[in-house]
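Since this is a predicted model, take the numbers as computed values, not measurements.
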Amino acid sequence: MSRRGIRMDWDGAVNAWHVSGGIYRMGRREWLTGKGWMQAFDDGIRTVVDLRNPGEGRRRDTDPVVPAAAWAGIGVVQAPTEVPDDPRFTALTGPYLSDPGHYAENARLFPEKLVGVFRAIALAAGKGGVLLHCAAGRDRSGLVAAMVQDLAGDSDDVIAEGYRCAARGINERYRTHGPPHSRERYLEASELAPLLEQRGLAVVAFVRGLDTRSYLLSHGLREAELDSVSGLASGKLPL
């Protein structure tokens, strides 16, 4: 049975979801416990693609201490989706991407970065499942997940709900643990619901306007690399 859209219950994981085929997403990997890493391995994860910028991946005092043996067999690749502090982008987004309405500008300004993400997925595709993550698991992960879902042939409703699940997931984290800084806050259901309706539609508008396959090929991803990503996203590659 397909696990598309299913929350993954790896110990310690925040906002972890199955995207499509052998591709998953979540918030920062430092939240995973040793048990969580082993559970992810048992679910077929062999590569983690970190979408954050260099310097973001620091351990916090509240993060679990994880022995290296717990994630042995899982490789970590850094593949940021943007150029940090690019004034053309931050003038629109502020300090970080937090609205699907800005995904198209991310794609326009940083095509080489997104090609780098999909090249990393392609290189990992023959090894097993791929886990994408950023900080919250919402927008950078959401941008890439929507492109993956487009390649997998998912419907508009499925793509929109993928974003909404992740946004609800991190909102629940803010309810139980508090937001990480003043730009984020917990939203009550009455405020969250209309926002998610609009933003889910924005994700669909972005990915349908992009045409993921044509976009990636036109910016340098090779056909064979794209076929590897598509095979993993569609579940055609063995895990």
Side-chain angles (χ1 to χ4, degrees), residues 3-20 23-33 36-37 39-40 43 45 48-53 55-64 78-82 84 93-103 106 117 130-149 157-204 206-207:
R3 290 190 293 183
R4 182 184 265 102
I6 297 298
R7 184 190 292 273
M8 307 308 296
D9 60 355
W10 304 320
D11 193 54
V14 174
N15 216 8
W17 300 90
H18 177 235
V19 176
S20 182
I23 301 179
Y24 301 76
R25 64 187 287 186
M26 70 174 184
R28 54 193 296 276
R29 70 178 184 273
E30 292 83 6
W31 280 319
L32 273 178
T33 67
W37 279 106
Q39 290 170 328
D43 279 331
I45 300 300
V48 172
V49 177
D50 186 346
L51 304 175
R52 298 174 298 182
N53 297 306
E56 287 187 73
R58 293 185 292 270
R59 184 182 176 278
R60 301 171 185 169
D61 291 341
T62 54
D63 293 334
Q78 190 165 48
T81 60
E82 62 193 22
T93 65
Y96 59 90
L97 182 67
S98 60
D99 185 339
H102 300 149
Y103 288 6
N106 195 132
V117 170
V130 172
L131 174 58
L132 309 164
H133 83 87
C134 52
R138 183 187 59 201
D139 284 294
R140 285 175 288 187
S141 297
L143 185 160
V144 177
M147 294 172 70
V148 167
Q149 289 180 286
D157 288 345
V158 169
I159 291 172
E161 187 58 21
Y163 175 85
R164 291 169 183 148
C165 284
R168 292 187 200 103
I170 198 62
N171 189 60
E172 178 62 15
R173 172 75 179 187
Y174 296 159
R175 184 186 71 80
T176 58
H177 290 73
H181 48 71
S182 60
R183 279 179 57 86
E184 298 284 354
R185 62 186 178 88
Y186 170 69
L187 300 178
E188 297 288 348
S190 59
E191 187 176 2
L192 184 64
L195 182 67
L196 292 190
E197 177 64 22
Q198 180 269 322
R199 290 190 171 181
L201 295 176
V203 172
V204 172
F206 155 70
V207 79

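- Checked against side chain to side chain contact (heavy atoms under 4.5 Å, CB included), V14 has the following partners two or more places apart in sequence or in another chain: W31, I170, R173.
- Taking the salt bridge (charged side-chain N to carboxylate O under 4.0 Å, His left out) definition, one finds that E161 meets it with R168, sequence neighbours left out.
- The structure places CZ of R140 at 10.5 Å from OG of S98, a figure rounded to the nearest 0.5 Å.
- In this view, R58 satisfies the side chain to side chain contact (heavy atoms under 4.5 Å, CB included) rule with no residue, not counting sequence neighbours.
- Sorted by first then second residue, the ring pair (Phe, Tyr, Trp, His ring centres under 6.0 Å) pairs that include residues 157-180, not counting sequence neighbours, number zero.
- Partners of A40 by side chain to side chain contact (heavy atoms under 4.5 Å, CB included), not counting sequence neighbours, listed by chain and number: W10, I45.
- Shown here for A202 and G101, the closest heavy-atom pair between the two residues is CB-N, 4.2 Å.
- Partners of T93 according to the side chain to side chain donor-acceptor pair (under 3.5 Å) rule, which considers only residues two or more places apart in sequence or in another chain, do not exist here.
- The two residues N106 and L97 have their closest heavy-atom pair at OD1-CD2, 3.7 Å.
- Closest non-hydrogen pair, A166 versus N15, comes out as O-ND2, 2.8 Å.
- Here D11 pairs with nothing under the salt bridge (charged side-chain N to carboxylate O under 4.0 Å, His left out) rule; sequence neighbours left out.
- The nearest pair of heavy atoms linking V148 to S20 is CG1-CB, 4.5 Å.
- When the side chain to side chain donor-acceptor pair (under 3.5 Å) test is applied to R59, no partner is found at least two apart in sequence or on another chain.
- No salt bridge links R7 with E172; every basic N to acidic carboxylate O contact stays at or beyond 4.0 Å.
- If you take CE on M8 and OH on Y24, they are separated by 5.0 Å, rounding to the nearest 0.5 Å.
- Residues satisfying the side chain to side chain donor-acceptor pair (under 3.5 Å) criterion with D139, sequence neighbours excluded, are Y103.
- In this structure, CZ on R25 lies 8.5 Å from CG on L132, to the nearest 0.5 angstrom.
- Judged by the 6.0 Å distance and 45° axis criteria, R183 is positioned over the aromatic ring of Y96.
- R29 meets the salt bridge (charged side-chain N to carboxylate O under 4.0 Å, His left out) test with D50; sequence neighbours excluded.
- Under the side chain to side chain donor-acceptor pair (under 3.5 Å) criterion, Q78 pairs with no residue at all, not counting sequence neighbours.
- Closest of all the heavy-atom pairs between P84 and N53 is CD-OD1, 3.5 Å.
- Rounded to the nearest 0.5 Å, atoms CD1 (I159) and CE (M147) are 11.5 Å apart.
- Scanning for side chain to side chain contact (heavy atoms under 4.5 Å, CB included) contacts around L201 gives R164, E197, with sequence neighbours left out.
- To the nearest 0.5 Å, atoms CG (N171) and CG (L187) are separated by 5.0 Å.
- Minimum heavy-atom separation, L32 to P64: O-CG, 3.3 Å.
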